[in-house]
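Naming: A, B, ... by sequence-line order, numbering from 1 per chain. Only heavy atoms go into these numbers, but all of them, side chains included; no hydrogens, no water, no symmetry mates.
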Protein chains: 2
Amino acid sequence: MDRLDKKILRLLQEDSTLAVADVAKRVGLSTTPCWRRIQKLEEEGVIRRRVAVLDPTKINARVTVFVSVRTATHSVEWLKRFSEVVSEFDEVVEFYRMSGDVDYLLRVVVPDIAAYDAFYKRLIARIEIRDVSSSFAMEQIKYTTELPLDYMILEKGDRDA
Amino acid sequence: MDRLDKKILRLLQEDSTLAVADVAKRVGLSTTPCWRRIQKLEEEGVIRRRVAVLDPTKINARVTVFVSVRTATHSVEWLKRFSEVVSEFDEVVEFYRMSGDVDYLLRVVVPDIAAYDAFYKRLIARIEIRDVSSSFAMEQIKYTTELPLDYMILEKGDRDA
DNA sequence: TCTGAAAGCCTTTCCCG
DNA sequence: CGGGAAAGGCTTTCAGA
């Protein structure tokens, strides 16, 4: 991956409806090589997918809750099952295993607090959890799917912008 | 919005490269009305954008850090500036104003702990913060841009699947 | 690897139930 | 609102350097 790939990724992270010819123009290539590069980035899995991003308020998914979970000590199999059960919930949009005093962190999306309560009950009905603590987001100030590209490692001979 | 729109959204949240004709087939419409519905969903802002989702490991953005921030009591202007300054950082991919004992929560993406430390220094150099606490994610078990559609409010007469 | 042009497929429009 | 068919535009392939 060189700086042209990086430019292409920057554009497509922002707007994947751009025509290949447009991307090509902006990075200073003609369409064919640009098309091939995008193809390669997809094959290599650098581009994982192309998706539509929806407005949460318009589909009644206004509230984000961060759920901190402490599990009791369990076997590897239990932890695997725990991951699977939690991941199955559509309301869980992000799910991390953490270092520090919290074992897991979930980002849960629901319409309101009542729906969160219902979700919570369904969750604990499916799996035993030692300790759960919920923090409600009052406002989503920033949310982006664009990952920082500044840390990308370029091949030798590509040190400029 | 009816259940056909919901089906369309479900498909496009998953894969926005689907041809309109394919989406149409899967929801049981022909291309023209399906195209019109997608158009409308875009105009109404239900579909906010279409983006490429990248693999974090392939672009050297492996580590997620959750940063809990407590601010001192400040004016509305200061809080506005705080939001702007924090949002400017590409490493901050999510940023929430919270209820409870933490005032703000940031999801920060960096390649490693050293890069996080550098980010942290740049952040506190730009704005004064009372208290910062960082939690590192060891593993991203689930990450999806797909919001739950089950809570969507449909127009009267659309109560089925 | 890049360019330019040709072929094929989709999107988008038009007009009719 | 939904459908079929035509026009226009993009994507994808192919040949040449």
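The distance from atom CD of Glu43(A) to atom P of dT12(D) is 12 Å, rounded to the nearest whole Å. In this entry the distance linking CZ of Arg36(B) with P of dC14(C) reads 12 Å, nearest Å. Taking atom NZ of residue Lys25(A) and atom C1' of nucleotide dT11(D), one finds them 15 Å apart after rounding to whole Å. Spacing between atom CD of Gln39(A) and atom P of dT12(D) amounts to 6 Å, rounded to whole angstrom units. One interatomic measurement links the two molecules: CG of Leu4(B) to C1' of dG3(D), which rounds to 15 Å at whole-angstrom precision. Protein atom CG of Asp22(A) is 7 Å distant from nucleotide atom P of dC10(D), rounded to whole Å. Put simply, CZ on Arg50(B) is 15 Å from P on dC10(D), counting in whole angstrom units.
Ring orientation note: the planes of Tyr104(B) and Phe95(B) are tilted relative to one another, at an angle of 30° to 60°.
Nearest to the side-chain atoms of Thr32(A) among the listed nucleotides dA5(C), dT13(C), dC10(C) stands dA5(C). Picking from dC10(C), dG4(D), dC2(C) the nucleotide with the shortest atom distance to the side chain of Ala19(B) gives dC10(C). Side-chain atoms of Leu29(A) lie closest to dT3(C) of the nucleotides dT3(C), dT13(C), dC15(C). Out of dC2(C), dG2(D), dG4(D), the shortest distance to the side chain of Arg37(B) is found at dG2(D).
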Take Arg50(B) and Glu42(B) through the salt bridge (Lys or Arg N to Asp or Glu O under 4.0 Å) test and state the conclusion after the steps. CA-CA 10 Å; Arg50(B) 288 149 184 266; Glu42(B) 276 166 352; 2.9 Å; yes
Output, in order, the C-alpha distance, side-chain angles, deciding distance and verdict of side-chain hydrogen bond (donor to acceptor under 3.5 Å, both in side chains) for Tyr116(A) and Ser134(A). CA-CA 10 Å; Tyr116(A) 176 69; Ser134(A) 311; 2.7 Å; yes
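For Trp35(B), no side-chain nitrogen or oxygen approaches OP1 or OP2 of dT11(C) to under 4.0 Å.
Between the side chain of Lys58(A) and the backbone N or O of Glu44(B), at least one donor-acceptor pair lies under 3.5 Å.
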